[in-house]
Colleague: 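Dropping a structure here in structure tokens format, bear with me for questions.
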Amino acid sequence: LSILHFKPDGVKGNTLIRIGAGPTVFELLSACESFKEIIVTNHTDLSCQEMQKWLKKEPGAFDWTPVVKYVCELEGDRKKWAEKEEKLRRTVKQVLECDVTKFNPVTFASLPPADCLLLSQYLGAICKDLSTYRAALKNVSSLLKPGGHLLMVITMKCSHFVTDQNKFPCLFLEKECLEEAVKEAGFDILAFEVTPICYPSSLIEHEGISYLVASKGKGKED
């Protein structure tokens, strides 16, 4: 997703809001080249704290260096990894808690309408059923300006995932259900690619990863 859509002729603008996905940076490394500011949101305060650790270079922060070097290599210059880290740190302006099940997902902040929303794997882990998933998509769409872009990475037909030896359920999504939910939330789908690329079965049971690009219908009310 980073390389495919955050390139000179791809999705770009002033503000990108990343919804959920934990204290990770890999999906933001190319985004910082296409947006002037990034707002990171997470479902828990702990994830926000971990993200702040990395941004502030605090002791105990997770070392993303191998990932940064790999992304720089894909972009054409592995040696610029340190510059990339600093650029991302400068571009991330806020780290906030969010709750996608609420009408206003970011309760304690007033945010400008974003040019782009980035959702990576998050909603399927938070939403217990399809109706909750649909409502969550509508809720986050309120953060996006008309004509803005929605970028999603989705694990298809996923039943569960594993972290630290613990097994967590995940909403089972099929292509048709996802397309319907996105359209119902007021988006026009521009691209939807399903790939056979899979994570190790020891971590997650699924049938591939999908990449979706959509635009928020102009003139539609939130």
Side-chain angles (χ1 to χ4, degrees), residues 1-6 10-68 70-72 75 81-127 136-137 139-145 148-155 161 163 211-214 216:
L1 181 72
S2 296
I3 307 304
L4 287 175
H5 302 297
F6 299 128
V11 176
K12 54 187 174 182
N14 289 318
T15 304
L16 177 143
I17 299 178
R18 200 280 302 275
I19 304 292
T24 60
V25 305
F26 54 85
E27 71 273 34
L28 302 175
L29 291 167
S30 293
C32 70
E33 305 292 344
S34 299
F35 290 87
K36 294 179 181 178
E37 68 172 12
I38 293 174
I39 298 169
V40 174
T41 73
N42 280 301
H43 188 64
T44 67
D45 180 60
L46 181 59
S47 290
C48 290
Q49 291 177 32
E50 287 299 314
M51 188 71 187
Q52 290 283 16
K53 273 187 183 180
W54 184 83
L55 291 170
K56 297 176 181 179
K57 301 182 182 179
E58 294 179 355
F62 188 82
D63 183 11
W64 288 100
T65 302
V67 175
V68 179
Y70 177 66
V71 170
C72 287
E75 292 180 342
W81 67 271
E83 295 175 35
K84 171 76 77 174
E85 284 193 347
E86 292 311 306
K87 184 164 187 177
L88 179 55
R89 287 186 171 102
R90 291 194 305 270
T91 307
V92 175
K93 304 299 184 183
Q94 297 186 72
V95 178
L96 305 168
E97 278 192 76
C98 75
D99 184 346
V100 297
T101 64
K102 294 183 178 179
F103 180 75
N104 179 9
V106 187
T107 307
F108 301 107
S110 178
L111 301 179
D115 299 284
C116 181
L117 290 181
L118 174 58
L119 284 83
S120 179
Q121 317 288 8
Y122 173 62
L123 294 187
I126 294 297
C127 301
L137 267 179
N139 292 340
V140 299
S141 73
S142 66
L143 301 174
L144 187 66
K145 65 174 59 174
H149 287 88
L150 170 70
L151 302 182
M152 298 180 71
V153 183
I154 314 103
T155 47
F161 61 94
T163 60
Y211 304 93
L212 183 145
V213 183
K216 185 175 180 179

Colleague: For the pair Lys216 (side chain) and Leu144 (backbone), establish whether a donor and an acceptor sit closer than 3.5 Å, ignoring hydrogens and angles.
Modeller: yes
Colleague: Taking all non-hydrogen atoms of both residues, which atom of Gly20 and which atom of Cys98 are closest, and how far apart?
Modeller: N-SG, 4.3 Å
Colleague: How far does NZ of Lys12 sit from CZ of Phe35, to the nearest 0.5 angstrom?
Modeller: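 Result: 10.0 Å between the selected atoms.
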Colleague: Any chance you could measure Thr41, atom OG1, to Arg18, atom CZ, to the nearest 0.5 Å?
Modeller: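 One finds 7.0 Å between OG1 of Thr41 and CZ of Arg18.
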Colleague: Carefully, step by step, assess Leu150 and Val140 under the rule side-chain contact (heavy atoms from CB on, under 4.5 Å).
Modeller: CA-CA 10 Å; Leu150 170 70; Val140 299; 5.6 Å; no
Colleague: Show the nearest heavy-atom pair for residues Pro112 and Glu37, with the distance to one decimal.
Modeller: CG-OE2, 4.2 Å
Colleague: So, for Ser34 and Val11, which heavy atoms are closest and what is the spacing to 0.1 Å?
Modeller: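 Answer, listing the atom of Ser34 first, then Val11: CB-O, 3.6 Å.
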Colleague: In chain order, what residues pass the side chain to side chain contact (heavy atoms under 4.5 Å, CB included) check against Arg90, with sequence neighbours excluded?
Modeller: Glu86, Lys87
Colleague: Is any NZ, NE, NH1 or NH2 atom of the basic residue among Glu33 and Lys84 found under 4.0 Å from an Asp or Glu carboxylate oxygen of the other?
Modeller: yes
Colleague: With heavy-atom distances below 4.5 Å as the criterion, would you say the side chains of Leu119 and Leu212 are in contact?
Modeller: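 They are not in contact (no side-chain heavy atoms under 4.5 Å apart), so the answer is no.
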Colleague: Just verifying a value: how many Å separate Leu111 CG and Thr15 OG1, rounded to the nearest 0.5 Å?
Modeller: 9.0 Å
Colleague: Quick one: are Glu27 and Leu118 in side-chain contact, heavy atoms under 4.5 Å?
Modeller: yes
Colleague: Within the structure provided, determine whether Leu55 and Val40 are in side-chain contact (heavy-atom separation under 4.5 Å).
Modeller: no
Colleague: Quick check for you: to the nearest 0.5 Å, what is the distance between Asn42 atom CG and Leu96 atom CG?
Modeller: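 Interatomic distance, Asn42 CG to Leu96 CG, rounded to 0.5 Å: 9.5 Å.
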Colleague: With side chains defined as the heavy atoms from C-beta onward, is the minimum distance between Val25 and Val67 less than 4.5 Å?
Modeller: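 Counting from C-beta outward, Val25 and Val67 never come under 4.5 Å.
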Colleague: Is a donor on one side and an acceptor on the other found under 3.5 Å between the side chain of Asn139 and the backbone of Lys102?
Modeller: yes
Colleague: To the nearest 0.5 angstrom, please state how far the CG atom of Leu28 sits from the OG1 atom of Thr91.
Modeller: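 OG1 of Thr91 is found 9.5 Å from CG of Leu28.
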Colleague: Hey, does Gln94 have a side-chain heavy atom less than 4.5 Å from the side chain of Val106?
Modeller: no
Colleague: Just jot down the side-chain hydrogen bond (donor to acceptor under 3.5 Å, both in side chains) partners of Lys145, sequence neighbours excluded, or say none.
Modeller: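 For Lys145, the residues satisfying side-chain hydrogen bond (donor to acceptor under 3.5 Å, both in side chains) (neighbours in sequence not counted) are Asp115.
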Colleague: Are Phe62 and Thr24 side-chain neighbours, meaning at least one heavy-atom pair lies under 4.5 Å?
Modeller: no
Colleague: Atom SG of Cys116 and atom CG of Leu151: how far apart are they, to the nearest 0.5 Å?
Modeller: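 Answer rounded to 0.5 Å: 4.0 Å.
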Colleague: Would you indicate whether the side-chain heavy atoms of Trp54 and Glu85 approach each other to under 4.5 Å?
Modeller: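 The answer is yes; the side chains approach within 4.5 Å.
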